[in-house]
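We use all heavy atoms of the structure for the numbers below, so side chains are in, but hydrogens, waters and symmetry mates are not.
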Amino acid sequence: MAGSAHGHTPAAWTGVIISFIGFCIAGVFMVAANVTGFWTGIGVILLGGVVGLAMKVAGLGMPKESQAVAAARETASAAARARA
């Protein structure tokens, strides 16, 4: 995955950071036995997904791979395996 830069976009980072904050909020309030705070944290987690998706739609996410790029990647991988 590192070779394809999977998820290294502003949309992905923003969505993950917001969701992480939501997990922290939900975790604190779960330990504190506060139901309202827990569900607020769950709401923040969902908000992270919505914000990440909205940013992707706005053009800040990873573009879809075209057929030509996929074919070139497969050809290069086959050539590398043949050399090894």
Side-chain angles (χ1 to χ4, degrees):
M1 293 233 188
S4 66
H6 176 74
H8 295 210
T9 62
W13 279 103
T14 304
V16 168
I17 289 170
I18 292 172
S19 294
F20 177 72
I21 292 168
F23 275 111
C24 292
I25 292 169
V28 167
F29 283 109
M30 183 170 52
V31 171
N34 184 324
V35 176
T36 306
F38 169 78
W39 285 108
T40 300
I42 297 297
V44 173
I45 293 169
L46 296 174
L47 178 68
V50 170
V51 168
L53 184 60
M55 289 178 70
K56 181 179 177 183
V57 169
L60 295 172
M62 186 74 87
K64 294 283 186 190
E65 188 175 79
S66 69
Q67 292 283 348
V69 172
R73 183 186 319 266
E74 184 58 37
T75 303
S77 295
R81 284 191 299 264
R83 284 186 298 228

**Request:** With rounding to the nearest 0.5 Å, note down the distance linking CG in N34 to OG1 in T40.
**Result:** 8.0 Å

**Prompt:** Do V44 and I17 share a hydrophobic cluster (ILVMFWY, side-chain heavy atoms under 4.5 Å, transitive)?
**Reply:** yes

**Request:** Give the minimum heavy-atom separation between S19 and I45, together with the two atoms involved.
**Result:** OG-O, 3.3 Å

**Message:** Show the nearest heavy-atom pair for residues F29 and F38, with the distance to one decimal.
**Reply:** CB-N, 3.4 Å

**Message:** Membership question, hydrophobic clusters at under 4.5 Å side-chain separation (ILVMFWY): are F20 and V31 in the same one?
**Reply:** no

**Request:** Give the minimum heavy-atom separation between I25 and G41, together with the two atoms involved.
**Result:** CG2-CA, 3.6 Å

**Item:** Pairwise distance CD1(I42) to CZ(F23) - rounded to 0.5 angstrom
**Value:** 7.0 Å

**Fill in**
side chain to side chain contact (heavy atoms under 4.5 Å, CB included) with M55: of L53, V51, V57, only one passes, and it is V51

**Item:** Approximate separation, where rounding is to 0.5 Å, of W39 CH2 and L46 CG
**Value:** 9.0 Å

